[in-house]
Amino acid sequence: MSAIFLTWSLGLAKIFLALAMGIAAFRVLRGPRAQDRVAGLDALYVNAMLLALTFGIAAGDTLYFEAALIIALLGFVGTVAFAKFLLRGEVIE
Amino acid sequence: MNEFAKLPDWAAIIIAILILAGAATTLIGSLGLWRLNSFYERLHAPTLGTTLGTGCIVLASMLCFSVLQTRLVLHEILIAIFVTVTTPITLMILVRAALFRDSVERAETLSNMHDGSHPATSELEVNHSRPPEAT
(Lines give C-alpha, C1' and ligand atoms only; values in the text may rest on other atoms or scores of the structure.)
Protein backbone atom coordinates (compact mmCIF):
# COMPACT_ATOMS: atom_id res chain seq x y z
CA MET A 1 0.00 0.00 0.00
CA SER A 2 2.66 2.51 1.00
CA ALA A 3 4.80 1.37 -1.95
CA ILE A 4 1.95 2.31 -4.30
CA PHE A 5 1.65 5.70 -2.53
CA LEU A 6 5.40 6.25 -2.96
CA THR A 7 5.27 5.33 -6.66
CA TRP A 8 2.39 7.73 -7.31
CA SER A 9 4.01 10.60 -5.39
CA LEU A 10 7.26 10.05 -7.29
CA GLY A 11 5.38 10.33 -10.58
CA LEU A 12 3.58 13.47 -9.41
CA ALA A 13 6.87 15.01 -8.26
CA LYS A 14 8.42 14.29 -11.68
CA ILE A 15 5.47 16.05 -13.36
CA PHE A 16 5.82 19.05 -10.99
CA LEU A 17 9.55 19.38 -11.64
CA ALA A 18 9.10 19.02 -15.40
CA LEU A 19 6.47 21.79 -15.28
CA ALA A 20 8.88 23.97 -13.29
CA MET A 21 11.57 23.33 -15.92
CA GLY A 22 9.11 24.31 -18.64
CA ILE A 23 8.29 27.58 -16.88
CA ALA A 24 11.99 28.37 -16.46
CA ALA A 25 12.56 27.61 -20.16
CA PHE A 26 9.69 29.97 -20.98
CA ARG A 27 11.49 32.68 -19.00
CA VAL A 28 14.71 31.94 -20.90
CA LEU A 29 12.92 32.25 -24.24
CA ARG A 30 10.65 35.21 -23.47
CA GLY A 31 12.57 37.16 -20.81
CA PRO A 32 12.38 40.82 -21.77
CA ARG A 33 16.04 41.49 -21.01
CA ALA A 34 19.27 39.52 -20.88
CA GLN A 35 19.39 39.30 -17.07
CA ASP A 36 15.91 37.69 -17.06
CA ARG A 37 17.21 34.99 -19.38
CA VAL A 38 20.19 34.32 -17.09
CA ALA A 39 17.88 34.10 -14.03
CA GLY A 40 15.69 31.65 -15.96
CA LEU A 41 18.74 29.55 -16.82
CA ASP A 42 19.69 29.48 -13.12
CA ALA A 43 16.23 28.21 -12.15
CA LEU A 44 16.33 25.73 -15.06
CA TYR A 45 19.50 23.98 -13.93
CA VAL A 46 18.37 23.80 -10.29
CA ASN A 47 15.11 22.17 -11.40
CA ALA A 48 17.00 19.75 -13.66
CA MET A 49 19.25 18.77 -10.73
CA LEU A 50 16.21 18.07 -8.52
CA LEU A 51 14.63 16.04 -11.33
CA ALA A 52 17.80 13.94 -11.58
CA LEU A 53 17.69 13.33 -7.81
CA THR A 54 14.04 12.26 -8.09
CA PHE A 55 14.90 9.86 -10.92
CA GLY A 56 17.63 8.44 -8.69
CA ILE A 57 15.16 7.73 -5.89
CA ALA A 58 12.71 6.18 -8.36
CA ALA A 59 15.40 3.92 -9.86
CA GLY A 60 17.07 3.08 -6.54
CA ASP A 61 20.44 3.88 -8.12
CA THR A 62 23.09 6.20 -6.64
CA LEU A 63 24.52 6.88 -10.11
CA TYR A 64 21.96 9.67 -10.61
CA PHE A 65 23.44 11.48 -7.61
CA GLU A 66 26.69 12.04 -9.52
CA ALA A 67 24.79 13.40 -12.52
CA ALA A 68 22.94 15.82 -10.20
CA LEU A 69 26.22 16.95 -8.62
CA ILE A 70 27.78 17.62 -12.04
CA ILE A 71 24.68 19.55 -13.16
CA ALA A 72 24.93 21.72 -10.02
CA LEU A 73 28.66 22.40 -10.53
CA LEU A 74 28.49 23.24 -14.24
CA GLY A 75 25.27 25.24 -13.87
CA PHE A 76 26.87 27.45 -11.23
CA VAL A 77 29.92 28.04 -13.44
CA GLY A 78 27.72 28.82 -16.44
CA THR A 79 25.52 31.30 -14.59
CA VAL A 80 28.50 33.11 -13.09
CA ALA A 81 30.13 33.31 -16.53
CA PHE A 82 26.94 34.77 -18.05
CA ALA A 83 26.59 37.30 -15.23
CA LYS A 84 30.25 38.30 -15.61
CA PHE A 85 29.66 38.74 -19.34
CA LEU A 86 26.69 41.03 -18.66
CA LEU A 87 28.77 42.99 -16.16
CA ARG A 88 31.95 43.52 -18.17
CA GLY A 89 31.25 42.57 -21.78
CA GLU A 90 33.81 39.75 -21.68
CA VAL A 91 34.31 36.65 -19.55
CA ILE A 92 38.09 36.35 -19.20
CA GLU A 93 39.99 39.64 -19.05
CA MET B 1 8.53 -0.72 -7.88
CA ASN B 2 10.18 -3.91 -6.65
CA GLU B 3 12.76 -2.21 -4.44
CA PHE B 4 10.04 -0.07 -2.83
CA ALA B 5 8.51 -3.27 -1.41
CA LYS B 6 11.65 -3.65 0.72
CA LEU B 7 11.05 -0.23 2.34
CA PRO B 8 9.14 -0.24 5.64
CA ASP B 9 5.85 1.64 5.68
CA TRP B 10 6.99 4.60 7.81
CA ALA B 11 10.03 5.24 5.56
CA ALA B 12 7.97 5.05 2.36
CA ILE B 13 5.38 7.52 3.66
CA ILE B 14 7.99 9.99 4.95
CA ILE B 15 9.93 9.80 1.67
CA ALA B 16 6.76 10.34 -0.37
CA ILE B 17 5.71 13.38 1.68
CA LEU B 18 9.20 14.92 1.54
CA ILE B 19 9.46 14.45 -2.24
CA LEU B 20 6.00 15.88 -2.87
CA ALA B 21 6.71 18.89 -0.62
CA GLY B 22 10.04 19.58 -2.33
CA ALA B 23 8.65 19.30 -5.85
CA ALA B 24 5.61 21.45 -5.03
CA THR B 25 7.80 24.15 -3.46
CA THR B 26 10.04 24.18 -6.53
CA LEU B 27 7.00 24.48 -8.80
CA ILE B 28 5.68 27.43 -6.73
CA GLY B 29 9.08 29.13 -7.03
CA SER B 30 9.11 28.70 -10.79
CA LEU B 31 5.54 30.03 -11.00
CA GLY B 32 6.80 33.13 -9.22
CA LEU B 33 9.55 33.42 -11.83
CA TRP B 34 6.83 33.38 -14.46
CA ARG B 35 4.23 35.69 -12.87
CA LEU B 36 6.09 38.45 -11.00
CA ASN B 37 6.44 41.81 -12.69
CA SER B 38 9.94 43.27 -12.48
CA PHE B 39 13.34 41.58 -12.70
CA TYR B 40 14.27 42.31 -9.09
CA GLU B 41 11.01 40.73 -7.86
CA ARG B 42 11.42 37.75 -10.14
CA LEU B 43 14.87 36.95 -8.76
CA HIS B 44 13.44 36.14 -5.32
CA ALA B 45 11.03 33.42 -6.40
CA PRO B 46 13.34 30.55 -7.53
CA THR B 47 15.22 30.63 -4.23
CA LEU B 48 12.24 28.68 -2.84
CA GLY B 49 13.44 25.81 -5.02
CA THR B 50 17.10 26.21 -4.09
CA THR B 51 16.46 26.18 -0.33
CA LEU B 52 13.29 24.28 0.65
CA GLY B 53 12.97 22.22 -2.53
CA THR B 54 16.58 21.05 -2.54
CA GLY B 55 16.51 20.44 1.22
CA CYS B 56 13.38 18.27 1.12
CA ILE B 57 14.42 16.18 -1.90
CA VAL B 58 17.99 15.68 -0.62
CA LEU B 59 16.60 14.61 2.77
CA ALA B 60 14.23 12.15 1.05
CA SER B 61 17.07 10.71 -1.04
CA MET B 62 19.32 10.31 2.02
CA LEU B 63 16.52 8.57 3.96
CA CYS B 64 15.66 6.27 1.03
CA PHE B 65 19.20 5.02 0.40
CA SER B 66 20.00 4.78 4.11
CA VAL B 67 17.01 2.52 4.71
CA LEU B 68 17.55 0.49 1.52
CA GLN B 69 21.25 -0.20 2.17
CA THR B 70 20.83 -0.43 6.00
CA ARG B 71 23.77 1.91 6.56
CA LEU B 72 24.20 5.68 6.71
CA VAL B 73 24.33 7.13 3.15
CA LEU B 74 25.04 10.83 3.48
CA HIS B 75 26.79 11.82 0.24
CA GLU B 76 23.69 13.72 -1.00
CA ILE B 77 24.52 16.35 1.62
CA LEU B 78 27.29 17.49 -0.78
CA ILE B 79 24.60 18.81 -3.14
CA ALA B 80 22.81 20.63 -0.31
CA ILE B 81 26.03 22.30 0.86
CA PHE B 82 27.09 23.22 -2.66
CA VAL B 83 23.72 24.74 -3.62
CA THR B 84 23.50 26.63 -0.32
CA VAL B 85 26.96 28.13 -0.85
CA THR B 86 26.65 28.99 -4.56
CA THR B 87 23.13 30.45 -4.82
CA PRO B 88 23.89 33.75 -2.98
CA ILE B 89 27.08 34.21 -5.03
CA THR B 90 25.20 33.73 -8.31
CA LEU B 91 22.38 36.08 -7.37
CA MET B 92 24.75 38.75 -6.06
CA ILE B 93 26.77 38.84 -9.29
CA LEU B 94 23.60 38.77 -11.39
CA VAL B 95 21.98 41.66 -9.51
CA ARG B 96 25.20 43.65 -9.72
CA ALA B 97 25.22 43.11 -13.51
CA ALA B 98 21.54 44.13 -13.74
CA LEU B 99 22.16 47.31 -11.70
CA PHE B 100 25.14 48.16 -13.92
CA ARG B 101 23.10 47.65 -17.09
CA ASP B 102 20.23 49.76 -15.73
CA SER B 103 22.57 52.62 -14.76
CA VAL B 104 24.27 52.56 -18.18
CA GLU B 105 20.90 52.63 -19.92
CA ARG B 106 19.67 55.51 -17.74
CA ALA B 107 22.83 57.53 -18.46
CA GLU B 108 22.40 56.94 -22.20
CA THR B 109 18.75 58.05 -22.05
CA LEU B 110 19.68 61.20 -20.12
CA SER B 111 22.47 62.16 -22.52
CA ASN B 112 20.16 61.61 -25.50
CA MET B 113 17.59 63.89 -23.88
CA HIS B 114 20.15 66.63 -23.29
CA ASP B 115 21.07 66.52 -26.98
CA GLY B 116 17.40 66.84 -28.00
CA SER B 117 15.44 70.06 -28.36
CA HIS B 118 12.68 69.36 -25.81
CA PRO B 119 12.19 71.79 -22.91
CA ALA B 120 13.64 70.76 -19.56
CA THR B 121 10.37 70.07 -17.69
CA SER B 122 9.01 67.63 -20.25
CA GLU B 123 12.39 65.84 -20.29
CA LEU B 124 12.04 65.04 -16.60
CA GLU B 125 8.46 63.85 -17.05
CA VAL B 126 9.47 61.57 -19.91
CA ASN B 127 12.31 60.18 -17.82
CA HIS B 128 10.05 59.35 -14.88
CA SER B 129 7.31 57.79 -16.97
CA ARG B 130 9.75 55.48 -18.76
CA PRO B 131 8.78 51.85 -18.03
CA PRO B 132 11.53 50.07 -16.09
CA GLU B 133 11.24 46.91 -18.22
CA ALA B 134 11.88 48.53 -21.61
CA THR B 135 14.12 46.37 -23.75
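In what follows, chains are A, B, ... by sequence order, proteins preceding strands, each numbered from 1. Heavy-atom basis, side chains included; hydrogens, waters and symmetry copies ignored.
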What residue, out of [options], has the most heavy-atom pairs lying under 4.5 Å from chain B?
options: A:Leu44, A:Thr54, A:Leu87; value: A:Leu87
options: A:Gly60, A:Ala43, A:Gly40; value: A:Gly60
options: A:Leu19, A:Leu53, A:Leu12, A:Thr79; value: A:Leu53
options: A:Leu50, A:Leu86, A:Leu17, A:Val80; value: A:Leu50

Practice task
Give a yes or no on whether B:Phe65 atom CZ has more than 12 heavy-atom contacts from other residues, nucleotides or ligands under 6.0 Å away.
Solution key: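 Correct, the count exceeds 12.
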
Practice task
Can you establish whether the number of heavy atoms outside B:His44 located under 6.0 Å from its atom NE2 is more than 12?
Solution key: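 No - once you tally the heavy atoms of other residues, nucleotides and ligands closer than 6.0 Å, there are 12 at most.
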
Problem - Region of B:Ile28 in contact with chain A, defined by heavy-atom distances below 4.5 Å - result: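 Neither the backbone nor the side chain of B:Ile28 comes within 4.5 Å of chain A.
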
Problem - Region of B:Ile79 that comes under 4.5 Å of a non-hydrogen atom in chain A - result: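 For B:Ile79, backbone and side chain are both near chain A.
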
Under a 4.5 Å heavy-atom cut-off, does chain B meet the side chain of [X], its backbone, both or neither?
X: A:Met49; answer: side chain
X: A:Phe65; answer: both
X: A:Leu73; answer: both
X: A:Ala59; answer: backbone

Hey, which of [options] has the most heavy atom pairs under 4.5 Å with chain A?
options: B:Gly49, B:Ser61, B:Ala21; result: B:Ser61
options: B:Ala24, B:Pro46, B:Gly22; result: B:Ala24
options: B:Cys64, B:Ala60, B:Ala98; result: B:Ala98
options: B:Leu31, B:Leu68, B:Thr54; result: B:Thr54

Can you give the donor-acceptor pairs under 3.5 Å from side chains of residues 7-18 of chain B to other protein atoms, not counting sequence neighbours?
| unit_1 | atom_1 | unit_2 | atom_2 | d |
| --- | --- | --- | --- | --- |
| B:Asp9 | OD1 | A:Ser2 | OG | 2.6 |

Practice task
Kindly compute the distance separating CG (B:Leu20) from OG (A:Ser9), expressed to the nearest 0.5 Å.
Solution key: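 Here the interatomic distance stands at 4.5 Å.
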
Problem - NZ/NE/NH1/NH2 to OD/OE distance under 4.0 Å, A:Arg33 and B:Asp102 - result: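 Judged by the 4.0 Å cut-off on N to carboxylate O distance, A:Arg33 and B:Asp102 do form a salt bridge.
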
Problem - Heavy-atom pair of closest approach, residues B:Val73 and B:Ser66 - result: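 So the minimum-distance heavy-atom pair works out to N-OG, 3.2 Å.
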
Problem - Geometric class of the A:Phe76/B:Phe82 ring pair [parallel <30°, tilted 30-60°, perpendicular >60°] - result: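 Aromatic pair B:Phe82/A:Phe76 classed perpendicular.
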
Exercise for the section: Using the rule that two of Ile, Leu, Val, Met, Phe, Trp, Tyr join whenever any of their side-chain heavy atoms come within less than 4.5 Å, decide whether A:Leu41 and A:Met21 are in one cluster. Expected result: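 Linked, A:Leu41 and A:Met21 end up in one cluster.
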
Handout entry: A:Arg37 side-chain N/O to A:Leu29 backbone N/O, donor-acceptor pair under 3.5 Å
Key =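 Looks like yes, one N/O pair under 3.5 Å.
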
